[in-house]
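To start, the structure under review is shown below, and the notes come after it.
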Amino acid sequence: MAQSEQLPVVLLTGFLGSGKTRLLNALLKTPGFAHTAVIVNEFGEIGLDHALVESSADNVVLLEAGCLCCTIADSLHETLADLQLRRTRGEVPGFKRVVIETTGLADPAPILNTLLGNRLITNHYRLDAVVVTADALHFLEQLERYREVAKQVAVADRLVITKTDLAAAAQLGAVRARLAGLNPRARVFESRPGHAALASFSPSDPLQARAVPLEEPGHAHRRDVNRHDEHIIAHAVVLDGPVSWSGIAAWCRIVVDRLGDRLLRCKGLVEIAESGEVVFLQGVQRVFHTPERLAHWPDADRRSRLVCITRDVDPAELRSLLPALKLPAGSDPHVRLEDLVP
């Protein structure tokens, strides 16, 4: 299915009590977000009883705003596939987008891998953005105590600071600074009563969403490293030029082998040496998904580049894996890294 025909999916996550449900409720009351399908773990968690119009079969309910809501039945991919089937049959309203709200303790990695790699999903849906809420009052404390908080923030495309009306200016500034250190490439929004940050759910252009921004123009092999957090680092790598399919396969395999779960998320735009094609790479922890061929470069920057968000990975360690990308076309992608380094 063409990108323009795939339904955009927003993954909404954030730690316990960070305001996910409040933000989502505000979204569903907005006419501009009618025809949205919402997937939650339990109806009780989202507090939508007052908005129910009628129940349809099984785990789907219809809401006043022209939206529909369902709980995860057996698995996320089966739930999404079932929704698409009902949509095609006309059994549910023709929703135009999907929002998935996770539990506060959820590890986003398995969900991302399901959204990016399961054919039951990718045939009809595309991941548009990961939106993560951060409680201005408690975020800094939660960040120190709970490992999930940093991981959720690190994989976000958009960050929403909630309860900003309750936090002092200095505290809000400290939260902003810490979020920028953990994930400098995420767009940051602020949400307060009466002014929910609904722009954080705005759809992206399918092609522009695949751009991999770098903070500033660089030279070949320039590496911009954001190291404001003790453990989580954002590495930006500009490559010398096009890479081969063999190089991509070898590098992905070696990165998974060497870094494992320490690779939180990776995005890349690379030109293929054999054909001149542009492909979008995406990996989450131990899984790299099938590269996506693009019709053209999504922005004016024509450099092949990677952005990798890691935990406890020194820049030198990531740099040591780059020779795999220089593998000539037609080479065995199962080559050992040691054989590539003089």
Side-chain angles (χ1 to χ4, degrees), residues 77 107-123 126-127 151 154-155 210-212 214 220-225 232-295 297-298 302-342:
H77 73 271
D107 179 351
I111 303 173
L112 284 174
N113 282 326
T114 296
L115 294 174
L116 293 169
N118 191 291
R119 292 297 297 273
L120 285 176
I121 294 176
T122 57
N123 282 343
R126 61 175 174 85
L127 178 64
K151 190 171 185 179
V155 302
R210 286 153 177 78
V212 180
L214 298 180
H221 279 302
R222 178 183 178 90
R223 296 168 184 89
D224 298 311
V225 178
I232 293 178
I233 306 176
H235 313 259
V237 181
V238 180
L239 305 178
D240 281 336
V243 300
S244 69
W245 282 116
S246 296
I248 291 175
W251 182 78
C252 292
R253 179 182 55 80
I254 290 171
V255 165
V256 169
D257 180 58
R258 298 296 180 92
L259 303 186
D261 291 344
R262 293 185 296 154
L263 177 70
L264 301 182
R265 195 174 183 188
C266 182
K267 292 183 178 181
L269 274 173
V270 297
E271 182 179 354
I272 302 301
E274 298 98 304
S275 62
E277 293 175 288
V278 182
V279 299
F280 177 65
L281 307 177
Q282 193 155 201
V284 180
Q285 289 191 339
R286 295 180 179 273
V287 179
F288 271 88
H289 298 280
T290 302
E292 179 183 349
R293 289 176 168 87
L294 305 183
W297 288 95
R302 299 296 192 266
R303 299 172 298 169
S304 294
R305 67 261 197 191
L306 301 166
V307 172
C308 298
I309 310 294
T310 65
R311 182 194 292 276
D312 296 325
V313 175
D314 188 86
E317 183 178 5
L318 185 67
R319 194 160 53 243
S320 71
L321 309 180
L322 292 177
L325 288 168
K326 294 180 176 292
L327 204 62
S331 301
D332 180 4
H334 295 92
V335 65
R336 297 187 308 166
L337 180 65
E338 290 77 9
D339 296 330
L340 300 175
V341 180

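Basis for what follows: all heavy atoms, side chains included, without hydrogens, waters or symmetry-related copies.
- Between the NZ atom of Lys151 and the CZ atom of Arg311 there is a distance of 7.0 Å, given to the nearest 0.5 Å.
- Under the 4.5 Å side-chain criterion, counting only non-hydrogen atoms from C-beta, Leu112 is not in contact with Val287.
- Two residues are said to be in side-chain contact when any heavy atoms from C-beta on lie closer than 4.5 Å; Cys308 and Leu318 meet this criterion.
- Here the side chains of Ser304 and Val243 are not in contact, with every heavy-atom distance at 4.5 Å or above.
- Between the side chain of Ser244 and the backbone N or O of Leu327 there is at least one donor-acceptor pair closer than 3.5 Å.
- With sequence neighbours left out, Arg253 forms a side chain to side chain contact (heavy atoms under 4.5 Å, CB included) with His334.
- Note on Arg126 versus Glu292: no salt bridge recorded, every NZ/NE/NH1/NH2 to OD/OE distance being 4.0 Å or above.
- The shortest distance between side-chain heavy atoms of Thr290 and Thr122 does not fall below 4.5 Å.
- Residue Leu239 holds its CG atom at 10.0 Å from CZ of Arg305, rounded to the nearest 0.5 Å.
- Looking at residues two or more places apart in sequence or on another chain, you find no side chain to side chain contact (heavy atoms under 4.5 Å, CB included) involving Ala295.
- For the atom pair CD1 (Ile233) and CG (Asp312), the distance works out to 8.0 Å, reported to the nearest 0.5 Å.
- At a threshold of 4.5 Å between non-hydrogen side-chain atoms, the residues Leu337 and Leu321 count as touching.
- Each of His235, Glu317, Arg262 was evaluated against Thr310; a single residue qualifies, His235, per the side-chain hydrogen bond (donor to acceptor under 3.5 Å, both in side chains) test.
- For the ring-ring contact (aromatic ring centres under 6.0 Å, His included) condition, the pairs that include at least one residue of residues 269-295, sequence neighbours left out, are Trp251-Phe288.
- Here the side chains of Leu127 and Leu116 are in contact, with some heavy-atom distance below 4.5 Å.
- Electrostatic pairing of Glu338 and Arg258 counts as a salt bridge here, judged by a charged N lying under 4.0 Å from a carboxylate O.
- Side chain of Arg265 to backbone of Val155: a donor-acceptor contact under 3.5 angstrom is found.
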> Between Leu325 and Leu306, does a side chain to side chain contact (heavy atoms under 4.5 Å, CB included) hold up when you go through it step by step?
Replying inline: CA-CA 11 Å; Leu325 288 168; Leu306 301 166; 3.9 Å; yes
